[in-house]
Amino acid sequence: MSNSNSEHSQPSQPHNRLDHNHSETPTFWYDDGPDILIPVPQEFSFTENYNHLATATNESLYTLQNGAIYKAIAVNQQAAVVRISAHGSTDIRIQFVDEPDWNSPELRAGVAQYVYDWFDLGTDLAPFYEMAKNDPLLKEAIVSFYGLRNMGIPDLYEAICWGILGQQINLGFAYTLKRRLVEHFGQALVRQGQTYWLFPTAERIAGLTTEQLSAAGITTVKKCEYLIDTARRIAEGTLSKEQLLQAAGVKQAEKMLVQIRGIGPWTAHYVLMRCLRMPSAFPIDDVGLHNSIKHVLGLETKPTKAHILELSAGWSLWESYATFYLWRFLY
């Protein structure tokens, strides 16, 4: 249940013009009574994105139930739990769950912007599909997962943490480490008897010692050091999403990130792909990508880097989406 009585109300006019390109970050959404509606592009499937999220078996930051996504979202000093679902094939509906401040303009705008960014609704996928339909690696993926978006990680610190936690371990254990971090140091919101978690802020982690992180179950001391070092940079303002977005392309942004302890090329490209939405971000050394290519092409062994460069020659400006779609064959 939520604060919605939307079936009896009519959507208001949009708050901004919809413009599906990377040059602007629109905040296009409608009020629908207490709910929010976000129009979606033609090349979008809520079901495909829901199914992708469902592959995470130990996720701590959202809950899936009966075709809807429940998630806690922070907007500056406010936070809310929302129910995100399909509204026909034309919109995403956002309903506030037991939120007394649901009519706060700042909260509504922030929640709408978060969901818009999370689902990467500002990217026009038509050119990607046009390129991919004749690509040996991608032509099957775009049919199987049509409408899938690069479900991102809008918060920079969360994206970097996930990259660091996932280094040199399997995905299942990475989710376990994330849950430990979230449940020890994140903020809990309780709604209708259910607990929903916000990812720990950089400011929260910056004040910890490596011993405190280790005691919470982050088992590698070096990873604890990396998480704290990065948190301090973000808390101090020496590292931000805005700085990275101002970089002159992927190479410069990668160079900025790899200067930070614990961030190598793989983690840098992962962050640029999932958080900064740089279309040319390409974690070419990713084991999952190698296994996906091996699966699609029926290879006996994983492809070499030279072979991957050859196979991806036609992906220019779509390396990020090509990688995400190939990952989907595995998870």
Side-chain angles (χ1 to χ4, degrees), residues 22 25 27 60-61 71-80 106-107 109-111 113-114 116-118 152-168 174 177-189 197-278 281 283:
H22 279 290
T25 307
T27 50
S60 52
L61 295 174
K71 183 169 176 58
I73 296 175
V75 178
N76 296 326
Q77 301 306 309
Q78 295 177 285
E106 181 185 22
L107 182 63
V111 165
Q113 189 68 61
Y114 185 96
Y116 186 93
D117 291 345
W118 191 29
I153 306 173
D155 180 72
L156 177 63
Y157 187 59
E158 182 185 336
I160 292 175
C161 284
W162 186 226
I164 289 173
L165 289 174
Q167 292 169 4
Q168 299 178 322
L177 292 181
K178 184 169 82 165
R179 180 173 287 278
R180 290 173 185 172
L181 186 70
V182 167
E183 294 185 353
H184 276 86
F185 305 110
Q187 179 186 350
L189 300 181
W197 290 94
L198 292 167
F199 196 81
T201 63
E203 290 74 16
R204 175 79 171 96
I205 303 301
L208 299 177
T209 64
T210 55
E211 290 77 17
Q212 287 171 312
L213 272 186
S214 294
I218 311 301
T219 50
T220 306
V221 173
K222 285 292 184 187
K223 286 188 180 183
C224 294
E225 293 174 0
Y226 301 155
L227 294 175
I228 292 169
D229 287 350
T230 306
R232 288 174 179 166
R233 287 174 182 261
I234 292 175
E236 293 163 359
T238 56
L239 173 65
S240 71
K241 200 169 175 178
E242 291 70 29
Q243 291 166 4
L244 291 167
L245 285 169
Q246 289 167 7
V250 167
K251 290 293 183 186
Q252 187 184 350
E254 177 192 357
K255 189 175 180 181
M256 292 166 68
L257 283 170
V258 297
Q259 292 173 355
I260 300 168
R261 289 180 68 227
I263 299 181
W266 176 84
T267 304
H269 278 267
Y270 184 86
V271 170
L272 297 177
M273 171 184 172
R274 302 297 305 284
C275 181
L276 281 297
R277 305 297 195 178
M278 292 191 174

So, the side chain of Gln212 versus the backbone of Thr209: is there a donor-acceptor pair under 3.5 Å, distance only? yes
Set of residues satisfying side-chain contact (heavy atoms from CB on, under 4.5 Å) with respect to Ala215, sequence neighbours excluded: none
Please check: side-chain N/O of Thr210 versus main-chain N/O of Glu225, any donor-acceptor pairing under 3.5 Å? no
Nearest atoms (heavy-atom pairs only) where Gly186 meets Trp197: O-CZ3, 3.6 Å
Pair Arg232, Glu236 - check salt bridge (Lys or Arg N to Asp or Glu O under 4.0 Å), show working. CA-CA 6 Å; Arg232 288 174 179 166; Glu236 293 163 359; over 6 Å; no
Output the distance between atom CD1 (Ile153) and atom CZ (Arg277), rounded to the nearest 0.5 Å. 9.0 Å
In residues 156-167, what donor-acceptor pairs under 3.5 Å come from side-chain atoms, sequence neighbours left out?
from, atom 1, to, atom 2, distance (Å)
Tyr157, OH, Leu227, O, 2.8
Trp162, NE1, Tyr270, OH, 3.0
Gln167, NE2, Gly262, O, 2.8
Gln167, NE2, Thr267, OG1, 2.9

Nearest heavy-atom neighbours spanning Ala268 and Val258: CB-CG1, 4.0 Å
What heavy-atom pair brings Ala253 and Leu272 nearest, and what distance separates the two atoms? CB-CD2, 3.7 Å
Is it true that atom CD of Gln259 has more than 12 heavy atoms of other residues, nucleotides or ligands lying nearer than 6.0 Å? yes
Where the side chain of His184 meets the backbone of Arg180, is there a donor-acceptor pair that is under 3.5 Å apart? yes
Can you name the closest pair of heavy atoms from Cys275 and Lys241 and give their distance? O-CE, 3.6 Å
Taking C-beta and beyond as the side chain, do Arg261 and Lys222 meet within less than 4.5 Å on heavy atoms? yes
Considering only heavy atoms from C-beta outward, does the side chain of Val182 approach that of Pro200 to under 4.5 Å? yes
Assess the residue pair Asp229 and Ile260 against the criterion (side-chain contact (heavy atoms from CB on, under 4.5 Å)); give the C-alpha distance rounded to whole Å, side-chain angles, the decisive distance to 0.1 Å, and a yes or no. CA-CA 8 Å; Asp229 287 350; Ile260 300 168; 5.6 Å; no
Could you measure the distance from the NZ atom of Lys223 to the CD atom of Gln168? Nearest 0.5 Å is fine. 7.0 Å
Could you pull out the closest heavy-atom pair between Phe199 and Lys178, with the gap in Å? CE1-CG, 4.2 Å
Reported CD-to-CD distance for the pair Glu242 and Gln246, which is rounded to 0.5 angstrom: 7.5 Å
Student check: side-chain heavy atoms of Leu107 and Ile73 closer than 4.5 Å: no
After noting the C-alpha distance and the side-chain angles of Leu181 and Leu213, does the key distance pass the side-chain contact (heavy atoms from CB on, under 4.5 Å) rule? CA-CA 8 Å; Leu181 186 70; Leu213 272 186; 3.7 Å; yes
All heavy atoms of Ala247 vs all of Met256, minimum pair found to be CB-SD, 3.9 Å
Interatomic distance, Arg179 atom CZ to Leu177 atom CG [nearest 0.5 angstrom]: 12.0 Å
Would the distance check show the side chain of Lys71 and the main-chain N or O of Leu61 forming a donor-acceptor pair, the cut-off being under 3.5 Å? yes
Thr230 and Ile205, any side-chain heavy atoms less than 4.5 Å apart: no
Is it true that a side-chain atom of Gln243 and a backbone atom of Gly237 form a donor plus acceptor pair closer than 3.5 Å? yes
Check side-chain hydrogen bond (donor to acceptor under 3.5 Å, both in side chains) between Trp118 and all other residues, then give those that pass, not counting sequence neighbours. none
Does the side chain of Leu276 reach to within under 4.5 Å of the side chain of Val250, using non-hydrogen atoms? no
